[in-house]
Amino acid sequence: MIEQLPRWVWWAGGLLAFAAGLMNVVGLLSFGGEAVTHLTGTTTLFAGHVSYARWQSALHLAAIFGAFFAGAVASGWLIRNEHLKLGRRYTVALLLETGLVLAALAAFLHRNPAAYYLLAAAVGLQNAMASTYSGAVIRTSHVTGMVTDLGIYLGHALRGLPVHRKRLAVSLLVTITFLAGGLVGGLGLRRVGEWVLLLPAAIALALALAHEGWRRSHRGSGGRR
């Protein structure tokens, strides 16, 4: 699958990983102090709060988990499981992500806990969308998996074994752009507060418009849904 990915998918994947890193740092450094991109930590904290009978905190984390999952479900419902085909459903998914991020921004500004659920839904949606299109090659918020792959490739290289260069490039792309998004998000949060979320919203909107333009220009070549 990775050999078939057009170049623009790499660019889009990098931009969405950047957006995910930015959204996650806002979640971690804002009033609630919770991650929205990685469910491993969320699940662990949930278990910890349940074990100490901290039901309100546990319910909040369960809602973040559920919102991320709901975003992935929405992506699956919209896009289904057909890879490498153009269709307006990607445009709809990206526009939905834009709306979720803007709604999360409004909630953050009012210190409403729903901000975390909306942002987690946006990340779940975009992660599932990118994973569906790339055949699970690009996961825009899964840095753990990317770093694991980098470790495997380094181990292979140290033993003189061949390394799949494109898979290595994907792992580096997601890791570096996610980190860059976190840095920009942290700096932006210090300067303009949660308004920095306008940047991932703008990224999703720009990708929606670019995809729609590309889809229309290639309408005659097939791949519609």
Side-chain angles (χ1 to χ4, degrees), residues 13 16-79 81 93 96-132 136 138-151 171 174-175 177-179 181-186 188-189 193-194 196-197 200-201 204:
L16 290 174
F18 176 92
L22 193 158
M23 288 187 279
N24 198 45
V25 83
V26 169
L28 285 167
L29 298 182
S30 192
F31 70 95
E34 300 291 353
V36 294
T37 68
H38 49 283
L39 297 186
T40 303
T42 301
T43 304
T44 303
L45 282 173
F46 170 80
H49 286 309
V50 169
S51 66
Y52 278 84
R54 298 169 181 160
W55 304 116
Q56 185 174 357
S57 296
L59 183 60
H60 176 60
L61 291 168
I64 292 175
F65 185 104
F68 188 103
F69 181 72
V73 170
S75 175
W77 184 82
L78 281 169
I79 299 172
N81 195 32
L96 178 56
E97 180 185 351
T98 303
L100 287 168
V101 176
L102 291 176
L105 169 58
F108 270 112
L109 294 176
H110 290 87
R111 296 297 184 262
N112 187 326
Y116 283 89
Y117 316 145
L118 292 163
L119 210 56
V123 176
L125 173 66
Q126 77 154 52
N127 198 46
M129 176 185 61
S131 178
T132 299
I138 299 176
R139 295 184 182 272
T140 58
S141 66
H142 192 44
V143 176
T144 301
M146 297 297 103
V147 174
T148 300
D149 288 345
L150 287 172
S171 298
V174 172
T175 302
T177 52
F178 189 95
L179 173 61
L183 291 171
V184 170
L189 196 61
E194 287 85 354
V196 72
L197 287 173

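Sequence positions, counted from 1, serve as the residue numbers for this chain. In this text, all values refer to a predicted model and were calculated from it rather than measured experimentally.
- Residues Leu125 and Glu97 come closest through the heavy atom pair CD2-N, 3.6 Å.
- Separating the CE atom in Met129 from the CG atom in Leu78 is a distance of 10.0 Å, to the nearest 0.5 Å.
- Between the side chain of Asp149 and the backbone N or O of Ser171 there is no donor-acceptor pair closer than 3.5 Å.
- Residue Thr98 holds its OG1 atom at 6.5 Å from CG of Leu102, rounded to the nearest 0.5 Å.
- Taking all atoms of both residues into account, the shortest heavy-atom contact from Glu194 to Phe108 is CG-CB, 3.6 Å.
- Separating the CG atom in Leu29 from the CD atom in Glu34 is a distance of 12.0 Å, to the nearest 0.5 Å.
- Residues Gly186 and Val25 share a closest heavy-atom pair of N-CG1, 3.5 Å.
- Atoms CG and CG, from Leu197 and Leu105 in turn, are 5.5 Å apart once rounded to the nearest 0.5 Å.
- When atom types are taken as modelled, the side chain of Tyr116 and the backbone of Val36 share no donor-acceptor pair closer than 3.5 angstrom.
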Exercise for review: Dump the intermediate steps for side-chain contact (heavy atoms from CB on, under 4.5 Å) on Thr40 and Thr144, then the final yes or no.
Suggested key: CA-CA 10 Å; Thr40 303; Thr144 301; 5.9 Å; no
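- What you find for Ala72 and Ala128 is that their closest heavy atoms are CA-CB, 3.8 Å.
- Shortest non-hydrogen contact noted between Ala107 and Leu118 is CB-CD1, 4.4 Å.
- Nearest heavy atom pair, residue Val101 against residue Pro200, reads CG1-CG, 4.2 Å.
- For the atom pair CZ of Arg111 and OG of Ser30, the computed distance is 4.5 Å after rounding to the nearest 0.5 Å.
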When the side chains of residues 51-69 are checked against the rest of the protein, which donor-acceptor pairs come out under 3.5 Å, sequence neighbours left out?
residue, atom, partner, partner atom, Å
Ser51, OG, Ala47, O, 3.4
Ser51, OG, Gly48, O, 2.6
His60, ND1, Tyr117, OH, 2.8

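- The line from OG1 of Thr37 to CD of Gln126 is 9.5 Å long, rounded to the nearest 0.5 Å.
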